[in-house]
Amino acid sequence: MSTESTPAVTVDEDVLRPPASEGEAAVYVRNACKSFGVGKRRATVLRNLEMTVKKGTIYGLLGASGCGKTTLLSCIVGRRSLDSGDVLVLGGEPGSPESGIPGPRVGYMPQELALYGDFTIKETLEYFGRIYNLPSAFVKSQMEFIFKLLDLPPGHRYVKTLSGGQQRRVSFAVALFHEPELLILDEPTVGVDPMLRKSIWNHLVRLSTDHGRTVIITTHYIEEARQADTIGLMRSGHLLAEESPQNLLATHGLRTLEEVFLKLSRTERAKKHGALTASGRAVHPTDSTQQDHGHDNPAFLCTTDNPDATSAVASRNRTNISATIHEQYWKSSKSVIPRADEHGIVGLTFSPSRQNLEERISDSQTVQRRVGSNNNPPNADSGAAPFDSQEVVHKSGELTTGNSSASSCSSSSSSCDTAVATSRPAKKRGSRTFTLSMPSGHRTAALIRKNFLITIRNIGMFAFVFLMPGLQSTLFCLAIGRDPTSLKMAVVNEELDPSVGRVCNYTTDCTYSMFSCRYLRYLDNATIVQIPYQSLSDALDATLQGTVWGVIHFGPNFTEELLERQVDGNAVDKETIEGSRIGITLDWSNEQIALTLQHRLVGGFNEFNRNLVTSCDYQPVIPSIPVEFMDPVYGKKNPSFTDFMAPGIILTIAYTQAVSLTAAVFINERKQGLLDRSLVAGVRTSEILLGHLVTQFTVLVFQSSVVLLVMLLVFKITCQGSLVLAMFITLLQGMCGMFYGFVVSSLCDQQTSALQLSLGSFFPNMLLSGVLWPMEGMSIYLRYLSYFIPLTHAIEALRCIFARGWGIDKPEVYWGIFVNFGWIVGLLSVCLTIIRIRKYTG
Ligand SMILES: Nc1ncnc2c1ncn2[C@@H]1O[C@H](COP(=O)(O)OP(=O)(O)OP(=O)(O)O)[C@@H](O)[C@H]1O
């Protein structure tokens, strides 16, 4: 690899030290037990497993599918915890600052691809470079090197367009990229051709022998593991052997590792058979070495195998084991200080005291040199800021600080050894160091950038985010709340001559004799389409057939009877009343349409009546009722249903869009292994949440603005009050949806269950919150329930702003805001609790 382009940075002289001495252990596992499931479904995957990975060596972990390799690795990188037993990684328990896990001291390649399909190869490496805060010069030179080493396709190629083997190589490149002290690779050579496999192994050997890196690798190609320093042959959750390949072959007198593995498996099966026969239990003849589902050999029973084991015994065992392991570890290990600092990468470093650290920093300032090879990826802050001030550790009342380049400049490892050795006995098992961690700026910025890029690059997602809200609000305004038009009504006018088809010859003449025709003129033609019928029976039949929505019927003497009624007032007989009646028969199967027709027919009669008085000087046909509706206090006299529904629709769009964008964020990343990779790299859940929060909030502001603009400007929905307040309530509602989405996303493992939970919230929200129908129409019990729904109060508040022009001083408005805030805080707490319980914490 070229050394020309590497920048001058501050590093420790000790960084390029030779491989670690025999006694040093990078990973130390004792009595590891791990089970999945509960009760009868409980399956033990790791059984009292013991493993020692020496520093500066390659450890090949081999075993049949399902024997627990991935589970073991996930416990080593701290993504899962053991039921009992201990793991020490680089001098500390995973998750403790001493171990450097999570953080840049470890490079982890999970079994899943763990890549963003919408990133190019170059962007992928740059992204992880940003996560690790690597300087751009280092990223550039390292990229050249890695592209050549792994024979990667051109950097502009999108990951999703690569072949399976190419994608695995990119995933491998990510693990290698920052040149970590410990590489944990879960099947990196799957789907890789033999030539490239050889070059990968050569590179791993170079990393361990020349630069003292430690590698743990699982592979199904047993023979390629000959190049490893140590091989762990794993079966049924424990190691059958842990030896160098040469020793294994020599001891068993066999030619291949595969033969050794089969021999050991058979021996163990025979032991198991013996043990079970002795205990009177049958062994299934098809028990295979190829498919490993655990076994019941009492010799390998973990405490967790026995569900009845008392917690006291388990706890006592654990304490004894813990005490022993620590003693053994610190005896066997040379106990160098954890070396995140050795690489000059930002990381948590345990140090016995602030004073000691400061001494080391002051020493280090004299040791500056140009990096001779790329095995020491420097921190972007190298030489400028010795401390990553965001990573501050409180331990036993002391303040110690995570350090990048500064502590890497410590004068010598032996002084560090002394420092750690003296501090070690003070460490109490189980008293996990409390880490005060503010979200880091560079990681959060990288996550936000990543979220935006993914949103923009994914066409489906882009359309959903940027076009959907406008489309939804347009569709709502066009489809909902408008009055129905072109409703066919049969007209049977027996005043007219049947021989000419009973069609009115309209005229504006006041003396025109037929009131029936005069009335029909005042009907709203846009709403009612009049279809003449010869007889009442035909018209009723047409209504029964669904051809028309109803019938308007005038008797043969309609005009005379009406005039008689006008003259005689209340003294008319029953026959006159019936003869002067306009008979309306309606199809009420569609209430909204029938109500519209009723409204128009009555309205038309009022117009006809008024016109007779004003234009033609007639007396009113019927005396008007003594009720008059004055101008409304709020709203319009004839509001459209759209006005009523608009606030609810605006808030529903904001809520559902936010839920649908966030409900799957963790699920996707978790399934693809991206969450594990990010968390092992040192990304914190708070940063992931913050990253999504910033991205989604930006999207939400855009979406809410579009919805309000479409509704208010394009479709002229009335807003009497403050637009800023309306926007604020819409954003709050969107945030409720966002946090509900985060809860769903952290709770569900599958997209289908996330979808069900999201949809499950949509309908109760919609139906109970008063979006579709006034709350006053609900039963009193249902109303109480609806008061707990976040949408209910927000809709009420927005309606008051839109229709009444009220401000924040009114209880209806500020109550809507309070309730939304309450929901946001509640949902955030639930989300954080789930994350903590389900161990997504970084
Ligand atoms: N979350 C889980 N819940 C239940 N069982 C699990 C879970 N994860 C793993 N297992 C089970 O634990 C066993 C060991 O799985 P693991 O993935 O560790 O095997 P492996 O040796 O890595 O296999 P492979 O080589 O095929 O990847 C398997 O039987 C698997 O079904």
Side-chain angles (χ1 to χ4, degrees), residues 27 29 32-49 51 59-85 87 94 108-114 164 168 171-172 175 184-192 216-225 228 231-242 257-258 261-262 264-265 268 284 287-296 300 302 304-305 307 666-667 669-673 675-677 679-680 746-750 753 834 837-840:
V27 175
V29 182
C33 289
K34 176 77 187 167
S35 306
F36 291 110
V38 283
K40 285 184 181 168
R41 295 192 174 185
R42 192 176 180 85
T44 304
V45 177
L46 300 182
R47 297 160 189 268
N48 289 332
L49 185 136
M51 176 194 201
Y59 190 104
L61 185 61
L62 310 179
S65 176
C67 71
K69 301 182 295 293
T70 301
T71 307
L72 176 61
L73 295 190
S74 64
C75 292
I76 291 173
V77 297
R79 295 302 308 127
R80 285 199 173 106
S81 45
L82 293 173
D83 298 341
S84 65
V87 180
Y108 176 49
M109 177 183 176
Q111 207 169 46
E112 303 85 3
L113 212 48
R168 279 206 84 67
S171 178
F172 182 43
I184 298 181
L185 310 170
D186 203 348
E187 298 185 11
T189 50
V190 167
V192 173
I216 303 177
I217 178 170
T218 71
T219 174
H220 282 165
Y221 306 108
I222 294 189
E223 288 310 316
E224 76 180 11
I231 286 182
L233 291 178
M234 192 170 177
R235 186 170 187 268
S236 304
H238 70 282
L239 292 188
L240 297 172
E242 193 179 54
L257 289 171
E258 202 158 333
F261 181 68
L262 288 174
L264 287 171
S265 297
E268 194 194 67
H284 199 281
D287 184 15
S288 156
T289 54
Q290 294 309 308
Q291 197 65 25
D292 228 325
H293 298 295
H295 63 80
D296 303 326
F300 298 110
C302 289
T304 48
D305 284 346
F666 291 154
I667 299 172
E669 298 213 343
R670 205 163 43 230
K671 282 186 93 168
Q672 294 161 13
L675 196 65
D676 273 358
R677 174 169 257 167
L679 294 176
V680 173
S746 47
L747 198 62
C748 299
D749 289 326
Q750 303 295 332
S753 41
I834 296 171
I837 291 170
R838 301 198 72 191
K839 205 167 179 265
Y840 303 145

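Here the structure is a predicted model, which means the values were calculated and not measured. Positions are given from 1 along the sequence. Order of appearance sets the numbers: ligands from 1, and atoms from 1 within every ligand.
- When the options Leu61, Leu62, Leu233 are evaluated for a side-chain contact (heavy atoms from CB on, under 4.5 Å) with Leu239, the one that passes is Leu61.
- Look at His220 and you'll find a heavy atom under 4.0 Å from some atom of ligand 1.
- Remark: the backbone N or O of Ser35 is not paired with any side-chain donor or acceptor of Thr44 at under 3.5 angstrom.
- Taking 4.5 Å as the limit, some side-chain heavy atom of Phe261 sits within range of a side-chain heavy atom of Leu240.
- Nearest heavy-atom pair across Arg235 and Cys67 is CA-CB, 4.2 Å.
- Per-residue contacts place Thr71 under 4.0 angstrom from the following atoms of ligand 1 (heavy atoms of the residue considered): 14 (C), 15 (O), 16 (P), 18 (O).
- For Gly66, the closest heavy-atom approach to ligand 1 falls below 4.0 Å.
- The contact set between ligand 1 and Gln111, taken as ligand atoms under 4.0 Å from a residue heavy atom, comprises 24 (P), 27 (O).
- Neither the backbone nor the side chain of Met234 comes within contact range of ligand 1; no heavy atom lies under 4.0 Å.
- Taking a 4.0 Å cut-off on heavy atoms, Arg80 registers as neighbouring ligand 1.
- Only the side chain of Val45 comes within contact range of ligand 1, with a heavy atom under 4.0 Å; no backbone atom does.
- Between Asp749 and Arg670, at least one side-chain N (NZ, or NE/NH1/NH2) sits under 4.0 Å from a carboxylate O, which counts as a salt bridge.
- Pairing each heavy atom of Lys69 with each of His220, the nearest pair is NZ-NE2, 4.1 Å.
- Using a non-hydrogen distance threshold of 4.0 Å, Gly63 does not register as a contact of ligand 1.
- Applying the side-chain contact (heavy atoms from CB on, under 4.5 Å) criterion to Val45, with sequence neighbours excluded, gives Phe36, Thr71.
- Scanning for salt bridge (Lys or Arg N to Asp or Glu O under 4.0 Å) contacts around Glu669 gives Lys450, with sequence neighbours left out.
- Residue Glu187 has at least one heavy-atom neighbour below 4.0 Å for each of these atoms of ligand 1: 25 (O), 27 (O).
- When Ser65, Ser35, Ala43 are ranked by how near their heavy atoms come to atom 26 (O) of ligand 1, first place goes to Ser65.
- The shortest N or O to N or O distance between Gly68 and ligand 1 is below 3.5 Å.
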